[in-house]
Amino acid sequence: MVKATFENLKAEKKERVTQALLHEFSAYPLERAQVARIVKEAGIARGAFYKYFDDLPDAYAYTLKTALVRLHAGFSPKSFDGEEIYRATWDFLKQVKDSEYYDLVRMHYVANEATVKEKQPASLRCQRKLPAKMWAAMLFSHETIRCALLDPDHADEYLKRLKEALALIE
């Protein structure tokens, strides 16, 4: 978990560390990421890193969560609407592609997803309280995003399949 020491940093320093994390985790899988590169880019001492985060997976979780919160801003459907979910998925993919987070999110799916998924509580992964249609739509849209980022040359095909799948459950 991110430590209070990091949360209480001045905005400029916090952003410098966050950018260094983003660069590292966008360029290297978690298993090859190095604290040395992060602290060098951020201009902080190695010991400071460990005052901010428990370890590299903790720093990665913070970085990915920060990116996803920013990318998901404004999307929280209240009820099932296949067209709205399709459009939001399309918009999300465009937003990711055009953002500073593209390489991070793509690296997540290419190399880090299994490691991070193992550490998520089942309640977060399974979304037990979602109505069945919303749960299915969430799974379909996230799988579409995953496939489109792993195989960008065929993103339109994955989006078309999402639209068809959402129509089936509507």
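In this text the structure is predicted, and so the values were computed from the model without any measurement.
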*Does Q19 reach the side chain of E100, with side-chain heavy atoms less than 4.5 Å apart?*
yes

*Are R37 and Y28 in a cation-pi setup, meaning NZ or CZ lies under 6.0 angstrom from the ring centre and within 45 degrees of the ring axis?*
yes

_Close side-chain approach of F140 and T89, heavy atoms under 4.5 Å_ = no

*Pi-cation contact, Y86 with K163 (under 6.0 Å, within 45°)*: yes

_Please report the interatomic distance CG(L104) to CG(L68), rounded to the nearest 0.5 Å._
7.5 Å

*Does the side chain of L56 come within less than 4.5 Å of I38's, by heavy atoms?*
yes

*When you look at T115 and Y60, which way does the side chain to side chain contact (heavy atoms under 4.5 Å, CB included) test go after all the steps?*
CA-CA 11 Å; T115 304; Y60 176 78; over 6 Å; no

*Work out which heavy atom in P152 is nearest to a heavy atom in R106; give both atom names and the distance.*
CD-NH2, 4.3 Å

*Okay, side chain of N112, backbone of P29: is any donor-acceptor separation there less than 3.5 Å?*
no

*Residues D156 and K160 bridged, charged N to O under 4.0 Å*: no

_What's the separation between atom CZ in R16 and atom CG in L9, rounded to the nearest 0.5 Å?_
9.0 Å

*Which atoms form the tightest heavy-atom contact between A137 and I85, and what is the distance?*
CB-CD1, 3.6 Å

_Could you see if V35 belongs to whatever hydrophobic cluster contains V17? Use Ile, Leu, Val, Met, Phe, Trp, Tyr and a side-chain cutoff under 4.5 Å._
yes

*Hey, does R161 have a side-chain heavy atom less than 4.5 Å from the side chain of T144?*
no

_Least distance between heavy atoms, K133 atom then E170 atom_ = NZ-C, 3.6 Å

*Any side-chain heavy atom of T18 sitting closer than 4.5 Å to one from L22?*
no

*Is it the case that one hydrophobic cluster holds both L21 and Y52, taking links as side-chain heavy atoms less than 4.5 Å apart, direct or via other members?*
yes

*Is there a path from L150 to Y158 through hydrophobic residues (I, L, V, M, F, W, Y) whose side chains come within less than 4.5 Å of each other?*
no

*Say you draw a straight line from OH of Y102 to CG of L93; how long is it, rounded to the nearest 0.5 Å?*
9.5 Å

_What I want to find out is whether K3 reaches D58 closely enough, with some N-O distance under 4.0 Å, to be called a salt bridge._
no

*Check the side chains of Y101 and S26 for a donor-acceptor pair under 3.5 angstrom, ignoring hydrogens and angles.*
no

_V105 side chain near L71 side chain, heavy-atom distance below 4.5 Å_ = yes

_Counting C-beta onward and ignoring hydrogens, is there a side-chain heavy-atom pair between I145 and Y109 closer than 4.5 Å?_
yes

_With a 4.0 Å cut-off on N to O distance, would you call K14 and E7 a salt bridge?_
yes

*Is it true that a side-chain atom of H142 and a backbone atom of M138 form a donor plus acceptor pair closer than 3.5 Å?*
yes

_For residues V96 and M107: do they belong to one hydrophobic cluster (side chain heavy atoms under 4.5 Å, members Ile, Leu, Val, Met, Phe, Trp, Tyr)?_
no

*So how far is it from D81 CG to M134 CE, rounded to the nearest 0.5 Å?*
9.5 Å

_Straight-line distance of R146 CZ to H108 NE2, nearest 0.5 Å_ = 9.5 Å

_Using modelled atom types and a 3.5 Å cut-off, is there a donor and acceptor pairing between side-chain atoms of D151 and backbone atoms of C147?_
no

*Evaluate ring pair (Phe, Tyr, Trp, His ring centres under 6.0 Å) for Y62 paired with F6, printing each intermediate quantity in order.*
CA-CA 11 Å; Y62 161 78; F6 181 72; 5.0 Å; yes

_Quick check: closest heavy atoms across A33 and F25, and the distance to 0.1 Å?_
CB-CE2, 3.6 Å

_Using 0.5 Å steps for rounding, measure from the OG1 atom of T63 to the CD atom of E24._
10.0 Å

*Please tell me if the side chains of W90 and L162 come closer than 4.5 Å, counting only heavy atoms from C-beta onward.*
no

